[in-house]
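Worksheet for the structure shown next.
Just so we're clear, the structure is a prediction, and the values are computed from it rather than from any experiment. Reckoned from all heavy atoms, side chains included, excluding hydrogens, waters and symmetry mates. We number each residue from 1, following the sequence as shown.
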Amino acid sequence: MGFIKSLFQSNRTSALQQAYENDSVIGKERHINNQKIIDQYISSNKPLDILAVAISYEREGASYRPQAIEYFERFLSNPAPIPSVPHAITEDHKQKPMFSYWMIYSALATLYEREYDFENAIKYLRFLPKESNYDNPADFTRIGDILLKIDVDKAVAYYKDLKSQPIYKKFAKCFDRAYADVLDKQAKGYKYKPRIRRDNHEQSKSST
């Protein structure tokens, strides 16, 4: 654990710095560090502490999704400038933040999607293209993927409209493949079938 252990014992290290450093840790130690951040900063009202707790909850997996959502939402309701990584510069010669807003919106979208809250998932996905300078086709196709879960007709309409947008020319091949896929699913009468959630499954078994 070495460096990471000493890092977490230092009162001079911020919660967000701890979360950033913990990204490079694997296995059981990463889980331990996540829990330390949560335990130490869960009651803090400082925006960057709240963000660190959100990230730590998100890294802890499915059981902590509601808490991760709560803390990400709390940060976004009262955000603060995110510190940059020392000596790290982006391709456009800007300082690189420890955690980008693209990462925050993307994480929230994934959390909401996995909780079957598709409307909120789409809400945050719509922030992604601007954050990536409209340079990532997945920022658009992820919306299509969720619309497909809601209603295949909505996914078809989404890609049909996307073909008329200026961004279409930049990612035409990618969007055409996605459009062809949803058209094929529409023709086959596709209906999304969510997985049985483990907690619901256990509850239904116990009631029989």
Side-chain angles (χ1 to χ4, degrees), residues 1-42 44-61 64-65 67-114 120-143 145 166-167 170-171 174:
M1 201 164 173
F3 169 73
I4 297 298
K5 184 175 182 180
S6 65
L7 178 71
F8 274 73
Q9 290 175 342
S10 172
N11 292 328
R12 295 191 298 272
T13 304
S14 70
L16 200 63
Q17 177 72 26
Q18 292 177 37
Y20 174 75
E21 296 289 351
N22 199 32
D23 191 42
S24 62
V25 180
I26 60 175
K28 185 177 180 180
E29 292 174 0
R30 190 181 198 191
H31 162 72
I32 292 171
N33 291 341
N34 285 334
Q35 291 296 328
K36 285 183 178 180
I37 293 170
I38 292 167
D39 291 344
Q40 186 171 351
Y41 297 100
I42 191 171
S44 174
N45 291 319
K46 296 179 180 179
L48 297 182
D49 292 350
I50 291 169
L51 177 58
V53 171
I55 292 166
S56 298
Y57 270 133
E58 188 264 341
R59 288 172 174 169
E60 285 295 275
Y64 293 91
R65 282 183 203 140
Q67 294 94 328
I69 289 171
E70 175 189 350
Y71 276 80
F72 274 125
E73 291 282 15
R74 284 182 59 187
F75 172 75
L76 291 174
S77 70
N78 182 32
I82 299 174
S84 60
V85 180
H87 312 298
I89 303 297
T90 63
E91 291 181 359
D92 54 355
H93 305 290
K94 295 180 180 179
Q95 289 187 308
K96 180 181 178 181
M98 290 182 183
F99 299 97
S100 68
Y101 272 89
W102 187 96
M103 169 264 160
I104 294 169
Y105 295 140
S106 179
L108 251 179
T110 298
L111 289 163
Y112 274 122
E113 180 181 3
R114 290 177 177 171
N120 270 317
I122 290 173
K123 169 186 170 181
Y124 284 104
L125 287 177
R126 292 194 185 281
F127 290 112
L128 297 187
K130 183 178 179 181
E131 294 298 323
S132 66
N133 294 317
Y134 300 91
D135 205 29
N136 183 7
D139 292 345
F140 297 90
T141 57
R142 284 175 67 185
I143 294 175
D145 291 343
I167 194 67
K170 189 172 185 178
F171 302 117
C174 178

Close side-chain approach of Leu48 and Pro83, heavy atoms under 4.5 Å: yes
Tyr112 and Tyr124, any side-chain heavy atoms less than 4.5 Å apart: yes
Pair Glu58-Gln67, side-chain donor/acceptor within less than 3.5 Å: no
Close side-chain approach of Tyr41 to Ser56, heavy-atom, < 4.5 Å: no
Nearest non-hydrogen partners of His31 and Glu60, listed with the distance: ND1-OE1, 2.5 Å
Under 3.5 Å side-chain donor-acceptor pair for Trp102 and Asn136: no
Heavy-atom side-chain proximity of Gln40 to Lys36 below 4.5 angstrom: no
Side-chain donor/acceptor of Lys170 to backbone N/O of Tyr134, under 3.5 Å: yes
Salt bridge (Lys or Arg N to Asp or Glu O under 4.0 Å) against Arg142, all qualifying residues, sequence neighbours excluded: none
Asp23 and Arg59 ion-paired at < 4.0 Å: yes
Arg114 side, atom CZ; Arg65 side, atom CZ - distance, nearest 0.5 Å: 6.0 Å
For Pro79 against Ser77, the heavy-atom pair lying closest together: CD-C, 3.7 Å
From CA spacing to verdict: side-chain contact (heavy atoms from CB on, under 4.5 Å), Leu16, Asp49: CA-CA 6 Å; Leu16 200 63; Asp49 292 350; over 6 Å; no
Atom of Phe72, atom of Ala54 and distance for their closest heavy-atom approach: N-CB, 3.5 Å
Of Leu51, Ile50, Val53, the residue whose pairing with Arg74 passes side-chain contact (heavy atoms from CB on, under 4.5 Å): Ile50
Gap separating the CD atom of Glu70 from the CG atom of Leu111, nearest 0.5 angstrom: 12.5 Å
side-chain contact (heavy atoms from CB on, under 4.5 Å) between Leu128 and Ser106, worked out: CA-CA 7 Å; Leu128 297 187; Ser106 179; 4.1 Å; yes
Set of residues satisfying side chain to side chain contact (heavy atoms under 4.5 Å, CB included) with respect to Ile42, sequence neighbours excluded: Ile38, Tyr57, Tyr71
Geometric class of the Phe171/Phe140 ring pair [parallel <30°, tilted 30-60°, perpendicular >60°]: tilted
Ile37 to Ala15 - nearest heavy-atom pair and separation: CD1-O, 4.4 Å
N/O donor-acceptor pair under 3.5 Å between Asn33 side chain and Asn22 backbone: no
Within-4.5 Å side-chain heavy-atom neighbours: Tyr105 and Leu76: yes
Stepwise side-chain contact (heavy atoms from CB on, under 4.5 Å) check, Leu125 with Glu113: CA-CA 10 Å; Leu125 287 177; Glu113 180 181 3; 5.8 Å; no
Minimum heavy-atom distance between Ile82 and Phe99, given as atom pair plus value: CD1-O, 3.1 Å
Any Cys174 side-chain heavy atom under 4.5 Å of Thr141 side chain: yes
